[in-house]
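Data first, discussion second: the structure below is written as structure tokens.
In this text, all values refer to a predicted model and were calculated from it rather than measured experimentally. All heavy atoms count here, side chains included; hydrogens, waters and symmetry mates do not. Each ligand, and each atom within it, is numbered from 1 in the order the structure gives.
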Amino acid sequence: MLNLVLFGPPGAGKGTQSERLISKYNLVHLSTGDIFRANIKGGTELGVLAKSYIDKGQLVPDEVTINMLKAEVMKYEAPNGFIFDGFPRTNAQAAALDEFLTSINSAITAMISLDVEEEELKARLANRAKDSGRADDADPEVIQNRINVYRKETAPVKDYYQAQNKWIKIDGQGNIDEITHRLYNAIDEL
Ligand code: ADP
């Protein structure tokens with residue numbers, strides 16, 4: 001299996017690039033943000049809980065997120081692999097993911113970081129807010145909080161994979177096709 005963690009701050013382009021990678025490598029795209037939003041839309045219990053955190057730019061608690069992710073992975077029979085987008089976002093999630101994948105005889109192949117400057121991130125999120133309808137993109141204070149949470153809790157997850165020699169950094173600025181090709185090149189070398 002080819003299991004990739006696509007990593008980067010809010011607005012780094014994980015969703016956009018995931019769409020391209022899943023068709024090229026025949027992978028399943030699991031975005032915890034998308035799954036939470038689907039639950040919010042469907043008015044599920046999980047959605048109501050998640051919304052209370054997401055609207056403030058906070059992380060949904062680890063236990064809730066980890067259980068949801070596991071259930072999602074188990075929905076697929078004999079997949080080629082997964083792109084984990086927006087997960088893991090804490091070291092506890094990374095450790096839980098390793099333990100879970102080991103239990104199903106699998107593992108993370110690599111974590112790929114999309115590297116983007118903060119000013120560029122803010123501009124992209126403000127732009128996305130115009131048509132995403134996402135409340136968490138519309139409010140600069142919430143955006144700033146997401147960036148702060150990213151720095152404090154999520155950025156260290158990189159060290160977790162770097163310690164396993166699984167970390168790859170890709171320049172996430174420039175045109176979308178160029179970035180896609182950087183990703184293809186990195187993945188083809190795995
Ligand atoms: P972005 O990366 O652009 O901030 P996402 O769609 O990945 O957007 O996530 C939106 C929100 O969903 C996050 O701000 C957070 O509240 C919640 N969320 C997504 N993934 C996780 C996760 N792995 N752990 C905890 N909360 C999460």
Side-chain angles (χ1 to χ4, degrees), residues 3-19 21-22 28-42 44-73 82-101 108 111-158 160-161 170 172-173 176 179:
N3 291 318
L4 303 174
V5 173
L6 199 56
F7 193 70
K14 303 184 292 283
T16 306
Q17 297 298 339
S18 290
E19 287 313 314
L21 299 179
I22 52 169
V28 175
H29 179 207
L30 288 189
S31 155
T32 41
D34 285 351
I35 304 166
F36 284 133
R37 282 186 289 277
N39 275 278
I40 292 171
K41 210 170 162 202
T44 68
E45 204 178 311
L46 174 64
V48 173
L49 177 81
K51 190 175 185 330
S52 64
Y53 295 93
I54 291 174
D55 283 354
K56 289 181 241 160
Q58 296 170 353
L59 294 182
V60 178
D62 280 339
E63 203 193 326
V64 175
T65 308
I66 291 164
N67 288 336
M68 174 183 87
L69 194 276
K70 286 184 188 170
E72 212 56 41
V73 168
F82 293 93
I83 293 187
F84 297 101
D85 163 5
F87 185 94
R89 254 178 159 94
T90 62
N91 276 332
Q93 291 181 10
L97 180 61
D98 266 355
E99 191 188 335
F100 171 59
L101 290 177
I108 290 297
M111 166 195 259
I112 306 180
S113 284
L114 287 171
D115 192 36
V116 179
E117 284 168 18
E118 189 163 321
E119 284 315 304
E120 166 85 11
L121 294 173
K122 287 182 182 160
R124 288 185 190 179
L125 291 174
N127 202 35
R128 183 168 82 184
K130 289 181 199 152
D131 45 35
S132 72
R134 280 177 55 171
D136 62 342
D137 283 345
D139 181 341
E141 230 175 275
V142 174
I143 290 179
Q144 189 59 54
N145 200 34
R146 284 158 62 202
I147 293 175
N148 295 347
V149 169
Y150 175 81
R151 283 213 200 100
K152 184 158 173 273
E153 296 190 56
T154 305
V157 178
K158 171 214 127 192
Y160 181 95
Y161 289 96
I170 296 285
Q173 298 194 145
I176 295 180
I179 299 164

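A donor-acceptor pair under 3.5 Å is formed between the side chain of Arg146 and the backbone N or O of Asp136.
Looking at Asn145 and Glu141, their side chains never bring a donor and an acceptor atom within 3.5 Å of each other.
When all heavy atoms of Leu121 and Ala12 are compared, the closest pair comes out as CD2-N, 3.8 Å.
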Which atom pairs, nitrogen or oxygen on both sides, join ligand 1 and the protein at under 3.5 angstrom?
residue: ligand 1; atom: 2 (O); partner: Lys14; partner atom: NZ; Å: 3.3
residue: ligand 1; atom: 2 (O); partner: Arg89; partner atom: NH2; Å: 3.1
residue: ligand 1; atom: 3 (O); partner: Arg128; partner atom: NH2; Å: 2.9
residue: ligand 1; atom: 3 (O); partner: Arg146; partner atom: NH2; Å: 3.2
residue: ligand 1; atom: 4 (O); partner: Arg89; partner atom: NH2; Å: 3.4
residue: ligand 1; atom: 4 (O); partner: Arg146; partner atom: NE; Å: 3.3
residue: ligand 1; atom: 4 (O); partner: Arg146; partner atom: NH2; Å: 2.9
residue: ligand 1; atom: 6 (O); partner: Arg37; partner atom: NH1; Å: 2.8
residue: ligand 1; atom: 6 (O); partner: Arg37; partner atom: NH2; Å: 2.9
residue: ligand 1; atom: 7 (O); partner: Arg89; partner atom: NH1; Å: 3.2
residue: ligand 1; atom: 7 (O); partner: Arg89; partner atom: NH2; Å: 3.3
residue: ligand 1; atom: 8 (O); partner: Arg134; partner atom: NH2; Å: 3.1
residue: ligand 1; atom: 16 (O); partner: Gln58; partner atom: O; Å: 2.6
residue: ligand 1; atom: 20 (N); partner: Thr32; partner atom: OG1; Å: 2.7
residue: ligand 1; atom: 20 (N); partner: Gly86; partner atom: O; Å: 3.3
residue: ligand 1; atom: 20 (N); partner: Arg89; partner atom: NH1; Å: 3.0
residue: ligand 1; atom: 23 (N); partner: Gly86; partner atom: O; Å: 2.9
residue: ligand 1; atom: 23 (N); partner: Gln93; partner atom: OE1; Å: 3.0
residue: ligand 1; atom: 24 (N); partner: Gln93; partner atom: NE2; Å: 2.9
residue: ligand 1; atom: 26 (N); partner: Val60; partner atom: N; Å: 3.0

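Residues forming a ring pair (Phe, Tyr, Trp, His ring centres under 6.0 Å) with Phe84 (at least two apart in sequence, or on another chain): Phe82.
Sorted by first then second residue, the ring-ring contact (aromatic ring centres under 6.0 Å, His included) pairs that include residues 113-156, not counting sequence neighbours, are Phe7-Tyr150. Note on residues 113-132: no pairs pass ring-ring contact (aromatic ring centres under 6.0 Å, His included), not counting sequence neighbours.
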